[in-house]
Amino acid sequence: MQQVRPAVNADLPALIKAFGERYYFEDRLARPPLHGVLFVLPGDDAAALGAAFVRMVPAEEWELRERLRGVPILSRLQVRKDVRRQGVASAIMKAAEEYVLSKGRMRIALGVTSNNAAARRLYAAREYVEWDFGQVNAMVVDYLDDGRKAFSTERCHIMVKALGAAVPARV
Ligand SMILES: CC(C)(COP(=O)(O)OP(=O)(O)OC[C@H]1O[C@@H](n2cnc3c(N)ncnc32)[C@H](O)[C@@H]1OP(=O)(O)O)[C@@H](O)C(=O)NCCC(=O)NCCS
């Protein structure tokens with residue numbers, strides 16, 4: 001199996017083959033690394049296995065900007081249907097968490113809807129914990145096939161993970 005890595009322009013056909021969403025991936029690939037990084041797990045059959053974006057700049061939502069200042073946000077985690085339950089999402093999340101830690105950020109966060117049981121189990125297994133401030137109306141941007149963007153919101157639980165070695169309580 002290949003390794004999870006930051007996506008490059010040459011990955012665009014494989015991402016589109018797996019997930020469609022040409023304009024979304026073009027947008028993410030065009031962003032400077034300071035803004036965020038699109039992670040991909042390439043496949044051996046010219047279609048990506050999975051992808052996710054880590055946003056390094058302040059969130060769109062004021063709640064996240066205020067209460068999770070400086071905390072990168074993982075978004076649009078997706079795995080090809082035919083390769084689910086094989087650890088692809090876990091591998092992408094691990095790479096994203098290591099990247100965030102390598103940039104000196106000690107936490108990572110994400111949003112998940114109530115009805116997404118698969119993702120909620122995945123995040124719980126990876127030690128993401130829901131914050132204390134309730135759900136948030138998170139911004140959703142759909143990149144339409146004609147290049148336009150459609151904006152909406154969805155209620156999300158905000159999950160946060162502390163990264164790095166645990167500090168011993170007492171030495
Ligand atoms: C959620 C999603 C990303 C999981 O990807 P995946 O590669 O199948 O996940 P993994 O194989 O790494 O799963 C790791 C663990 O998460 C949990 N999990 C993942 N999918 C699950 C499912 N369908 N039902 C129950 N638990 C699930 C399990 O604990 C699993 O460990 P196990 O297989 O040993 O039991 C994938 O189903 C997906 O792309 N869904 C559509 C897009 C989406 O909802 N993205 C998340 C947005 S917040």
Side-chain angles (χ1 to χ4, degrees), residues 1-7 11-25 27-29 31 36-57 59-61 63-65 67-68 71-101 107-131 133-145 149-163:
M1 204 196 238
Q2 304 201 39
Q3 298 295 309
V4 178
R5 57 168 172 74
D11 293 314
L12 187 59
L15 287 162
I16 295 171
K17 188 167 182 207
F19 304 113
E21 301 190 289
R22 161 183 295 278
Y23 294 106
Y24 162 70
F25 286 116
D27 175 90
R28 289 304 188 270
L29 285 166
R31 294 191 188 198
V37 177
L38 179 67
F39 284 91
V40 63
L41 180 56
D44 294 324
D45 57 355
L49 302 183
F53 186 72
V54 179
R55 182 185 175 103
M56 301 298 289
V57 290
E60 305 275 5
E61 299 81 5
E63 296 95 328
L64 302 189
R65 284 199 304 274
R67 296 166 175 160
L68 289 175
V71 178
I73 311 287
L74 183 88
S75 67
R76 298 256 191 161
L77 172 65
Q78 49 190 333
V79 172
R80 230 169 69 187
K81 282 202 173 91
D82 59 316
V83 294
R84 287 183 187 170
R85 297 307 285 270
Q86 295 175 36
V88 174
S90 304
I92 292 170
M93 294 184 77
K94 181 169 182 285
E97 291 161 10
E98 287 170 359
Y99 176 80
V100 164
L101 192 56
R107 290 186 294 169
I108 185 169
L110 53 81
V112 62
T113 54
S114 291
N115 61 2
N116 195 341
R120 295 186 74 176
R121 254 187 85 176
L122 166 70
Y123 303 146
R126 294 199 63 78
E127 297 173 346
Y128 284 71
V129 177
E130 184 160 4
W131 77 357
F133 305 105
Q135 293 187 55
V136 164
N137 288 322
M139 167 95 79
V140 179
V141 184
D142 287 313
Y143 291 73
L144 307 179
D145 288 345
K149 294 180 189 174
F151 297 90
S152 59
T153 59
E154 64 184 3
R155 297 288 286 166
C156 279
H157 299 268
I158 305 301
M159 314 288 296
V160 184
K161 179 173 180 172
L163 303 171

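Each ligand, and each atom within it, is numbered from 1 in the order the structure gives. FYI, the numbering just counts along the sequence from 1. Note that the structure is a prediction, hence the values are computed from the model and not measured.
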What are the two closest non-hydrogen atoms of A138 and C156, and how far apart are they? CB-SG, 3.9 Å
If you compare all heavy atoms of V4 against all heavy atoms of A95, which two are closest, and at what distance to 0.1 Å? CG1-CB, 3.5 Å
Closest to atom 38 (C) of ligand 1 (judged by heavy-atom distance), picking from M93, R84, K94, M159: R84
Does the side chain of I158 come within less than 4.5 Å of F133's, by heavy atoms? no
Output yes when a side-chain donor or acceptor of E61 lies under 3.5 Å from a complementary backbone atom of N137, and no otherwise. no
Which protein non-hydrogen atom lies closest to atom 39 (O) of ligand 1, naming both residue and atom, and how far is it? V79 N, 2.8 Å
Can you tell me which residue pairs pass the side chain to side chain donor-acceptor pair (under 3.5 Å) test with a partner in residues 80-91, sequence neighbours excluded? D45-R80, R80-D82
Under 4.0 Å from one or more heavy atoms of Q86, ligand 1 contributes atoms 11 (O)
Considering only the protein, which heavy-atom contact is closest to atom 44 (O) of ligand 1, and what is its distance? N116 ND2, 2.7 Å
Evaluate side-chain contact (heavy atoms from CB on, under 4.5 Å) for M93 paired with Y128, printing each intermediate quantity in order. CA-CA 11 Å; M93 294 184 77; Y128 284 71; 3.6 Å; yes
For atom 48 (S) of ligand 1, find the nearest protein heavy atom and state the residue, atom name and distance (0.1 Å precision). Y123 OH, 3.1 Å
Could you tell me whether atom 11 (O) of ligand 1 has a protein heavy atom closer than 4.0 Å? yes
List in chain and number order the residues that pass ring-ring contact (aromatic ring centres under 6.0 Å, His included) with F39, two or more places apart in sequence or in another chain; answer none if no residue qualifies. Y99
Counting heavy atoms only, which part of F19 comes closer than 4.0 Å to ligand 1: side chain, backbone, both or neither? neither
Protein contact of atom 45 (N) of ligand 1 - nearest heavy atom, named by residue and atom, plus distance: L77 O, 2.8 Å
Which option out of Q78, R80, R85, R76 puts a heavy atom nearest to atom 24 (N) of ligand 1? R85
Of all the non-hydrogen atoms in the protein, which one sits nearest to atom 15 (C) of ligand 1, and at what distance? L122 CD1, 4.0 Å
Which is closest to atom 18 (N) of ligand 1 by heavy-atom distance: A52, G111, A118? A118
Per-atom contacts of ligand 1 with V88, taking only distances under 4.0 Å to non-hydrogen atoms: 7 (O), 12 (O)
Without swapping roles, check the side chain of Q2 against the backbone of G43 for a donor-acceptor pair under 3.5 Å. yes
Closest protein heavy atom to atom 14 (C) of ligand 1, given as residue, atom name and distance to 0.1 Å: S90 OG, 3.3 Å
Just to be sure I'm reading this right: ignoring hydrogens, which of C156, A89, A125 gets closest to atom 3 (C) of ligand 1? Compare them by their nearest heavy atoms. A89
Under-4.0 Å heavy-atom contact with ligand 1, by part of L110 that carries it: neither
Quick check: Y143 with Y24 (ring centres under 6.0 Å apart)? yes
Would you call A124 a ligand 1 contact, heavy-atom distance under 4.0 Å? no
Tell me, do H157 and R120 make a side-chain contact under 4.5 Å, heavy atoms counted? yes
